[in-house]
Visitor: 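Dumping the structure here so I can ask a few things about it.
Lettering of chains follows the sequences in order, A, B, ..., and the numbering in each one begins at 1.
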Number of protein chains: 2
Amino acid sequence: CQICDDAASGFHYGVWSCEGCKAFFKRSLQAMSSGPVDYVCPATQNCTIDRQRRKSCQACRLNKCIQMGMSRGNCRRERERPGKANRKKKGDDAQTSPPKVRIKEEKDGNRSPVAGSSSTAAAAAAAAAAAAAVVATPPPAPQAPPAAASNEPVPIHTLVAHLMRVDPPVRHANHDHSLPDTWENLTASLFKLADFELMDVITWAKNIPGYSALSLKLRIHLLEACWMEVLIIGLLWRSQNHKDCLMFAPDLEFDRTRIRIAELESISTPILRLSQLFTRLHVTREEMVLLRVLALINSDICGDNDEERSLQEDLQQSVHEAFEYTVIRRQRQPLSRLLNLLSLLPHVRMAAMLSLQQISEIKSSLRLPLEDLLNEMMEGSTKASRTMTP
Amino acid sequence: CQICDDAASGFHYGVWSCEGCKAFFKRSLQAMSSGPVDYVCPATQNCTIDRQRRKSCQACRLNKCIQMGMSRGNCRRERERPGKANRKKKGDDAQTSPPKVRIKEEKDGNRSPVAGSSSTAAAAAAAAAAAAAVVATPPPAPQAPPAAASNEPVPIHTLVAHLMRVDPPVRHANHDHSLPDTWENLTASLFKLADFELMDVITWAKNIPGYSALSLKLRIHLLEACWMEVLIIGLLWRSQNHKDCLMFAPDLEFDRTRIRIAELESISTPILRLSQLFTRLHVTREEMVLLRVLALINSDICGDNDEERSLQEDLQQSVHEAFEYTVIRRQRQPLSRLLNLLSLLPHVRMAAMLSLQQISEIKSSLRLPLEDLLNEMMEGSTKASRTMTP
DNA sequence: AAAGGTCAGACTGACCCTG
DNA sequence: CAGGGTCAGTCTGACCTTT
Ligand SMILES: [Zn+2]
Ligand SMILES: [Zn+2]
Ligand SMILES: [Zn+2]
Ligand SMILES: [Zn+2]
């Protein structure tokens, strides 16, 4: 099949194509004859169309059909229009008017013509017009860049939305589940995951408005002081509703047994308790995101430089406003909610300190090597006097 | 729906989501339980997921589900109690609540003659009532008791005034200034002072309304977990406006020289920085008092007992209201002020952990004996897993 | 309220019928 | 052979039942 690389069953509509693409184009023609097609590409109009993925994007599939030359005019043996053979639909009859389509359009809410490729061509004007309409669809521009104007006051809702967008994503650990659950295997997967997540954390910090305005020294200092807290907040949030289970990644969850094998019992106690608290509070993603940002800018107080501190305080101020925007406008007892969320941070701080000490012991015992970035950050946080330096 | 922007039908798998995304994630879970899913993105793992496009890319839809925090609450049939089912609420909801609710509540044989307050309108009334319930338990109150009548709602300002009254006083160290500044002399005076202050802390805790209602076990646990933080908050407050100087007592101030002699350099760095922050914020005594109470009730989360936790949450609630009363009604940016104060607590927690570790090392090195009460509390805080137990 | 189950409706494509 | 219909299989999500 020239469209999907599947085995072709013949020369359909002018193209060597498979049964599936043939039927798909057939249905598209029928749909087009009775109104515009509402296929919408979920991405940027250049989806890969192969046997496995051809179902995913109708817009790109039809587009490729047309690009490869499919059209009704190419039919070698065209049959007369059988008058829109009515399906077993209950309501209206065939004829000309398509109320069904209209109803559907209305129900869809009919948003602004974002990326919808709608062929308004008449029924007779088949492929060529459709091709023009489909191909003309512009890419949907998935991610608008953040309000990058550094001096301009950004509306809070934009700031919150931006922070939501740049928050470190949930990563998979790619843990080999065929390996036995030994201390080495589990700890190695945790280290690998942490190393991976640390890159996300660094990228995230860079994308926080105002962070880049700080001096390099302070930026590094804050990151070194907060990274474990940021990771732990994510862990706690992912572990919500998982009783006695730490969801390090969707494919790496630690139950009591694994915690014992990985020798995480001493630090898991406070973390599991914190996780229960997260669960009870139903911390939302918005709130989690803001807690992470607060953990970053509050990870340490640099008292030396007045100007620098002023910048940091500006950052704090905007985070405070973000909290106000997000939490305070709740219905029931918003202030108590805010205080409950903020009260989590001392516990997070403690959990981070314990975790850093645990890793530090592993590092100095040479039981297992640390990944590069993880190792670097460990040295940084030691320097930041987060751990005792014996 | 946080995933597709459609109308949400509830809080499913940890995310506010629509029926479609809920069912999709459910099917994905079922599929995942029997082998890895084979969703493949037709584009670049970056598809837009909205109401009309969510069907297009299963891979990106599932990924977004995970990113937004969806996960199975527990492997199988999970019965989850929100815990806040019914309490001794006194809020009334005459107008908004439909009568069927009332009927149901009465049929349940709820001893309380009123229905649960689910109305969003009666927030203020409920809050005041909750406060009344908390303070209803009359504390021993060696001085003027805040409320004699047990059912009478006590205004918050009375609570704040009472907390001001029972706050641990500033103690003198009775340090012998004729002695030379050696490590032994200075450390011994610090230990003696801490021991003395600890008695005040215990008395103070007993006088906090609602604290005595907690179980003995929890009372001890909270005290063991928070005492160092309470001492440090007092120290920080006393050290305001004293540059590079720790005012352990009016007659025992540590400048840089004494800090070096007493080998407190490693822990004094964060504490001195915190002290500068206190100075910049101009923390009032009222605020310091409330921070101490918050440090006490937030020193640990006991997750075992539902009823016990409810009492602790009531206590938290009244402290939150005290904060609101004290801080929020300021003139300029009260909320930012509140967040700044709360942001101190993680640093206090860290300073407390470092201090405990320092004392723990002295104790195990037998360089100097600890006073009785101090020794006891050290063991308690070690038990409370505040320090590493090597 | 939030799990899990249900099933009509929509889409797909292997297969069949017809010219 | 290719256009076009058929319909079982699959996915979806509004609705229902259970806890
Ligand atoms: Zn094909
Ligand atoms: Zn596409
Ligand atoms: Zn959705
Ligand atoms: Zn995709």
Visitor: When you measure from the side chain of B/Lys22, which nucleotide among D/dG4, C/dA3, D/dA14 comes out closest?
Guide: C/dA3
Visitor: Calculate the interatomic distance between B/Asp38 atom CG and D/dC11 atom C1'; express it in whole Å.
Guide: 13 Å
Visitor: Main chain of A/Met247, side chain of A/Arg238: is a donor-acceptor contact present, judged purely on distance under 3.5 Å?
Guide: yes
Visitor: Write down the distance between CG (B/Leu29) and P (C/dA3), rounded to a whole number of angstrom.
Guide: 10 Å
Visitor: Aromatic ring centroids of A/Tyr39 and A/Phe24 under 6.0 Å?
Guide: yes
Visitor: Looking at C/dG13, C/dA2, C/dA14, which one has an atom nearest to any side-chain atom of A/Arg51?
Guide: C/dA14
Visitor: Please pick, from D/dG13, D/dC16, D/dG3, the nucleotide with the shortest atom-to-atom distance to any side-chain atom of B/Ala23.
Guide: D/dG13
Visitor: If each of B/Gly10 and B/Glu19 is mapped to the nucleotide of DNA chain C with the nearest heavy atom, which maps nearer the 5' terminus, i.e. the 5' end?
Guide: B/Gly10
Visitor: Given C/dA14, C/dA3, D/dG13, identify the nucleotide with an atom nearest to the side chain of B/Arg61.
Guide: D/dG13
Visitor: Quick one: label B/Lys26 by what it contacts on the DNA or RNA (base, sugar-phosphate, nothing), any heavy atom closer than 4.0 Å.
Guide: base
Visitor: May I have the distance from A/His12 (atom NE2) to D/dG3 (atom P), rounded to whole angstrom?
Guide: 7 Å
Visitor: Between C/dT12, C/dA2, D/dG13, which nucleotide has the shortest distance from any of its atoms to the side chain of B/Phe11?
Guide: C/dA2
Visitor: When you measure from the side chain of A/Tyr13, which nucleotide among D/dG3, D/dG13, C/dT12 comes out closest?
Guide: D/dG3
Visitor: Does A/Asp255 come within less than 4.0 Å of A/Arg258, counting only side-chain N to carboxylate O?
Guide: no
Visitor: Give the ring-plane orientation class for A/Trp16 versus A/Phe11, where under 30° counts as parallel, over 60° as perpendicular and anything between as tilted.
Guide: perpendicular
Visitor: Choose from C/dG5, D/dT12, D/dG4 the nucleotide whose nearest atom is closest to any side-chain atom of B/Gln58.
Guide: D/dT12
Visitor: For B/Arg27, which contact category applies under a 4.0 Å heavy-atom criterion: base, sugar-phosphate, or nothing?
Guide: base
Visitor: Can you find a side-chain donor-acceptor pair between A/Asp50 and A/Thr48 that sits under 3.5 Å?
Guide: no
Visitor: Is the distance from OP1 or OP2 of C/dG5 to the nearest side-chain N or O of B/Gln30 less than 4.0 Å?
Guide: yes
Visitor: Send over the distance from A/Asn241 CG to C/dA1 C1', rounded to a whole Å.
Guide: 13 Å
Visitor: Over how many whole Å does the gap from A/His242 atom NE2 to C/dA2 atom P extend?
Guide: 15 Å
